Each structure stands twice: as structure tokens, then as C-alpha cells.
Amino acid sequence: MEGIEHRMVSVNGIEMHIAEKGKGPVVLFLHGFPELWYSWRHQITALASHGYWAVAPDLRGFGDTDAPPSPSSYTAFHIVGDLIALIDLLGQDQVFMVAHDWGAVIGWHFCLFRPDRVKALVCLSVPFTPRNPSAKPIDRMRATLGEDYYICRFQEHGDIEDVFSRFGTSYLLRRFLTSRRPSPLYLPKGKEFGDTPDRQISLPSWLSEEDIKYYASKFDIKGFTGGLNYYRALDLNWELMAPWTGVQVKVPVKFIVGDLDLTYNTPGAKQYIHDGGFKRDVPFLEDVVVMEGVGHFINEERPEEISTHILDFIQRF
């Protein structure tokens, strides 16, 4: 983490923590759940060493950034608004954007709303999801994947927080970050993780005890509700996004996913990515990379390869 600097900035009515390093064109890194700016620690250092200004915020609801309590404060408009204000504060007209998981969802929305502010997007794990005008997202998930599907379980305020509290922050982070099951995640009531909180979960070579301690130190203070509110705003987002139904994402994009990623193995995802739907909705999609033997937290599991993929793409522009 040597040389990474930290500061608080005021954006869009909240206080946001950012980590940054380097000078040059800005590369804005957007993390997912349950993550922080820290998820990009390897890429921040790599990009800074190649002449870029790497900036990674804790997104609204995470880490040292403010966490409004209501899910209605976590629409794509709020999060993109935070990021537009951050880009303005950095004095930039345009940035390169690198995004993973929920950060990827926000990155797609950002590119729909303000393609003029993005030079190019490197998107990890989560492809673009066009708005389906016929049904709300949670209704569709319940119908196709059931009430135990993790996003459905995340909907009721306090329900999953109680489960998380019972298992403890460190256990949860180990469980989520090391998961490599290439299938949708289910959390059935009373059997959420299929084991007990005292079960030992060994860490892979790419994730250390110090990494877990850092994540846990922030989630112990902030809790998980801010991150869960992104899921709880899905239906509200769907309502607000009606004017963008059928709109294409028109920025240059490189997409990278692991073949063991649960999102890649969600029913219909592979067909959408590889059979023309993705390219139809994102016409400037230039590269699709499927990394073998890699799970969801791809930027931490294969940091050097991901940094190389990012550099290879953004150096074209």
C-alpha cells in the first residue's frame, strides 16, 4: 500500500473517502459488495507506476464514506451523482473507468447517463443488464430463482443483517471473498451458510489475514446495511430507469469475467454475453475475456493479469 494517499471529499451532499496514487489521466475504480477501495490496492499501484492517476473511492454506504440509512438514497442517480461530483472535484472532463460487481452496475448506468465523461470502461464480472419493461427485477428473480436467492433474501431490512450478525464480520468476509461455486447463491432461512460461525475457512494465496482484518475493521464500524441498500433499491431503480429502456451503452468497453464466477453462471448470462445480445446493447464492446479457473473477486485473485488487461485496453485511447 506504499504511496497510496487518502482524503475525504465533499460530493453530492455526502462525505466520501478516496484512495489515490500517481499523476496523469484519471482511472476511476469502482468496487462492489462486500468490498472497499481496498479491493483495487494492486491495480492502484500498477496503474500509478504506468503514468496514470488512480483514484478509488469507498462508494456511498461503504468504508469511510457516508452511509444514508434509506434504500431510496442508493439509486443509480445518487451513486452516479456522487461520481460526477468527484470527477468535477478532480478537475477532469473525462476519466477511464474500471468497475467490478456493484461497481460494474454503477459503471453501466454512468455510461448510459453521461457517456461524455468516460473515455473507456473496463468492466469486471457483471455484464450490462438491459431494462426489462415487463416486470420488476425482484419479481423476476423470485419467479425464476426463488425466495432463497441471495438478492431476494437481501430485500427485507434487518433480516439478513441479523443473520450476518450471528455469523460475524470476519466469517462473512472469508465466506464471500473465497467463494468459488459456479452457480447462483442461495441463502435459505435458518440454513444460510450451511455450517456454523465457528467453522474455519482457509484463505487462498491471494487473500491474507491482514486483508481480512482491514475489511473487517471497516465493516465492523459501518455494518453491511449501506451495501445491502444497493440491492434494496433495485425495483426503485427499475422504475426510474423507464426513459432509458432500449438505450445502448455507447462507450468503448472491455469485459472480463472468471469462468467460475457466480454471475457468469447465472441462467442466461453466457448466452447473452456470447450470442450477440451483449454486443447489440453495447455496440462498442471491443473485448470479452473469460479467465479460466477464476472466481468472482477477479481483481484480487489475479491482480497482475487484471492490471495488464486494463493497461492494454486504456492505452489505446
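This one's a predicted model, so the numbers in the text were calculated from it and none came from an experiment. By convention here, the first residue in the shown sequence is residue 1.
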Cluster check [X], [Y]: I/L/V/M/F/W/Y, side chain < 4.5 angstrom:
| X | Y | result |
| --- | --- | --- |
| F167 | L207 | yes |
| L260 | V257 | no |
| F284 | I273 | no |
| L185 | I138 | yes |
| M8 | I18 | no |

Please check: side-chain N/O of D101 versus main-chain N/O of F33, any donor-acceptor pairing under 3.5 Å?
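It does hold such a pair.
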Would the distance check show the side chain of R117 and the main-chain N or O of D93 forming a donor-acceptor pair, the cut-off being under 3.5 Å?
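A pair under 3.5 Å: yes.
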Test salt bridge (Lys or Arg N to Asp or Glu O under 4.0 Å) on R41 and E210 and set out the steps.
CA-CA 13 Å; R41 58 198 179 279; E210 287 303 311; over 6 Å; no
Assess the pair H31 and F297: is the distance between their ring centroids shorter than 6.0 Å?
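That pair fails the under 6.0 Å test.
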Nearest heavy-atom neighbours spanning A269 and Y264
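Answer, listing the atom of A269 first, then Y264: CB-O, 3.6 Å.
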Quiz: residues 242-253 side-chain donor-acceptor pairs under 3.5 angstrom, not counting sequence neighbours:
{"unit_1": "T245", "atom_1": "OG1", "unit_2": "R131", "atom_2": "NH1", "d": "2.9"}
{"unit_1": "T245", "atom_1": "OG1", "unit_2": "A242", "atom_2": "O", "d": "2.9"}
{"unit_1": "Q248", "atom_1": "NE2", "unit_2": "R280", "atom_2": "O", "d": "2.8"}

Check the orientation of F317 and F313. Use parallel for under 30°, tilted for 30 to 60°, and perpendicular for over 60°.
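Rings of F317 and F313: perpendicular, as their planes differ by over 60°.
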Run the numbers on T169 and F224 for side chain to side chain contact (heavy atoms under 4.5 Å, CB included), then give the verdict.
CA-CA 9 Å; T169 306; F224 290 95; 4.1 Å; yes
Salt bridge (Lys or Arg N to Asp or Glu O under 4.0 Å) against E192, all qualifying residues, sequence neighbours excluded:
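R153, R166.
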What verdict does the ring-ring contact (aromatic ring centres under 6.0 Å, His included) test give for F128 and F278, after you've listed the backbone C-alpha separation in whole Å, the side-chain angles of each residue and the deciding distance to 0.1 Å?
CA-CA 7 Å; F128 179 63; F278 197 9; 7.8 Å; no
Please step through ring-ring contact (aromatic ring centres under 6.0 Å, His included) for the pair Y230 and F62, ending with a clear verdict.
CA-CA 11 Å; Y230 285 70; F62 290 91; 5.6 Å; yes
